[in-house]
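One structure is given here, and the rest of the page talks about it.
Counting begins at 1 with the first residue of the sequence.
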Amino acid sequence: MIGGFAWGKMSDLYGRKTALFLCTTAAAYFSFLNALALTYWWMVILRMLVGFSEAGLNMISVTWFCELTSPKARGAFLPWIQVFFASGQLLFVTLAIPIMRYLNWHWLLAVVGLIVFSALPLFKFVPESPHFYMGQGKRQKAYDVLQGVAQAHNVSLPRGRLVSLPTQKRLYARQFGLKYKEAPEIKQQWKTLFWPPKIFCNTVLVWIVWILETFVFYGVILLSSEVLQLYHNANEEDSSCLETAQLKFQDNETCHHLTTNDFLDMLLSTSGEVLGIGVCLVVNYLFSRCHSISVHGFFIALFYCLTMICPLKKIVVFLFLLLSRSFATSLFATIYIYTNETYPATSRSIGLSISYIMARLGGIITPFVSQVLLHKSLTAAKLTYAGSAGIILIIGFLLPIETKNRGLEEISLTARL
């Protein structure tokens, strides 16, 4: 939570590229140190520092990518970032199978840290966001970035001029139906999150979606491993019903180490995030941003409810969990796009970082459902997640601002007549 705000503020002050490079370096460094931890408290402290560093990775990378794509291409290309997020998770599970079997978790964290370090040289080949330069009033640097991109693709920039800060304020006033004097100064970051009232309402609803989306997303991840534990405590002939497995678990609460087959099941479940990319592309193409959020909420709730049908084979339960994870992953991409499109460049990272903080609240709450309430009542845990997805469905219809095909106007080119 603290890291999300800190990296967002740094990104708005010093640039997307600089902040992303620093948080990537910090994440790799502390992850490698974590592998050397010999006591519990050192492990906790270093994992906290890894979490602080990683808070900026997802947030800044998505903001950066949004600012480098056109309005029409944003909905199509941004979900492909999830390919790399999912690939990283698949790689982690794949590495865990042999390393955890023959070595231990120290080696696993060390290997992960080295892999992240290997990505640092790639920062040399990527540009700073031109939106950041325009937000800082550095028009020439923004133009140089765009010119470099145009030359790399053997094309010419459109004729026109980059919009300056005073014009951005006028665009903001026009966009939300305000008088010019009523519009907040673009450099006053906080006001652009809460003013006018339409933005304030939108911001609060977006925060609720972030909380519930993270609650549901990490819920399905934790639920997958808990389901494996439940099946371990049931006989083969009884394992078709999770409720039966839960009763046996309550009678004999023992912890089982995950086997190779369990890791393979988790690998299959994680592949749902790759499937989520296709889901995101289709849903965002067919529906508006707000309605896309509602569609995701509906299907997440549906697949959670389907897992409550008894009896079900283990593979069928994991299929429904995989589909739930697919739509939850797709919703993450959609809400990232929507949040970035809502705010101006100078407050985009700070707006996304506060949303990220709200999302952490969902991540903090979800273990109490997936690992505490689940052992008391499996049905109640699933209904809690399904109900949260239902609230997301409703909020999608209440969001007052639609952003599909709307440009990030801070860097619009206005034609010279």
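Looking only at side-chain heavy atoms (C-beta outward), F303 and V220 stay at 4.5 Å or farther from each other. Under the 4.5 Å side-chain criterion, counting only non-hydrogen atoms from C-beta, V372 is not in contact with P367. Residues W207 and S355 have side chains in contact (heavy-atom distance under 4.5 Å, counting atoms from C-beta outward). Within the 4.5 Å cutoff, the side chain of I293 has no heavy atoms near those of the I395 side chain. Between L212 and I208 there is a side-chain heavy-atom pair separated by less than 4.5 Å. The closest side-chain heavy-atom distance from M48 to F30 is not below 4.5 Å. The shortest distance between side-chain heavy atoms of C280 and T334 falls below 4.5 Å.
In terms of heavy atoms, L399 sits closest to C290 at CB-SG, 3.7 Å. Of all the heavy atoms in E213 and I392, the pair that sits closest is N-CD1, 3.8 Å. Between V216 and A389, the shortest heavy-atom distance links the atoms CG2-N, 4.2 Å. In terms of heavy-atom proximity, C305 sits nearest to A386 at SG-CB, 3.8 Å. Residue A142 comes nearest to P130 through the heavy atom pair CB-O, 3.6 Å, listed as atom of the first residue, atom of the second, then distance. The minimum heavy-atom distance linking A28 with G113 is given by the pair CB-O, 3.8 Å.
With sequence neighbours left out, the ring pair (Phe, Tyr, Trp, His ring centres under 6.0 Å) criterion links Y338 to no other residue. Partners of F123 by ring pair (Phe, Tyr, Trp, His ring centres under 6.0 Å), not counting sequence neighbours, listed by chain and number: F21. Shown here are the side-chain contact (heavy atoms from CB on, under 4.5 Å) partners of I99, two or more places apart in sequence or in another chain: L95, L103, W107, L108, V111. Every residue meeting the side-chain contact (heavy atoms from CB on, under 4.5 Å) condition with V295, not counting sequence neighbours, appears here in chain and number order: V283, F287, F299. With sequence neighbours excluded, no residue satisfies ring pair (Phe, Tyr, Trp, His ring centres under 6.0 Å) with Y133. Contacts of L398 classified as side-chain contact (heavy atoms from CB on, under 4.5 Å), with partners at least two apart in sequence or in another chain: L205, I394. With sequence neighbours left out, F117 forms a ring pair (Phe, Tyr, Trp, His ring centres under 6.0 Å) with no residue at all. Residues satisfying the side chain to side chain donor-acceptor pair (under 3.5 Å) test with S292, not counting sequence neighbours, are none. By the side chain to side chain donor-acceptor pair (under 3.5 Å) test, S330 pairs with H296, sequence neighbours left out. Evaluation of the side-chain contact (heavy atoms from CB on, under 4.5 Å) rule for S129 yields R16, W64, E67, H131, F132 as partners, not counting sequence neighbours.
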Would you list the atom pairs, donor with acceptor, under 3.5 Å between side chains in residues 35-44 and any protein atom, with sequence neighbours excluded?
unit_1 : atom_1 : unit_2 : atom_2 : d
T39    : OG1    : W42    : N      : 3.4

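The aromatic ring centroids of W210 and Y336 lie less than 6.0 Å from each other.
The line from CD1 of I391 to CZ of F215 is 9.5 Å long, rounded to the nearest 0.5 Å. Residue L302 holds its CG atom at 8.0 Å from CZ of F320, rounded to the nearest 0.5 Å. For the atom pair OG1 of T214 and CD1 of I335, the computed distance is 10.0 Å after rounding to the nearest 0.5 Å. Between F298 atom CZ and L393 atom CG the span is 7.5 Å, to the nearest 0.5 Å. The structure places OG of S388 at 10.5 Å from CG of L383, a figure rounded to the nearest 0.5 Å. With rounding to the nearest 0.5 angstrom, the CG atom of L321 is 11.0 Å from the CD1 atom of I221.
By the 30° and 60° cut-offs, the orientation of the rings of F332 relative to Y218 is perpendicular.
No donor-acceptor pair closer than 3.5 Å links the side chain of Y385 to the backbone N or O of V369. At distances below 3.5 Å, at least one donor-acceptor pair connects side-chain atoms of S118 with backbone N or O atoms of I115.
Judged as a side-chain hydrogen bond (donor to acceptor under 3.5 Å, both in side chains), the pairs with a partner in residues 19-37 (not counting sequence neighbours) are, in order, N34-R47.
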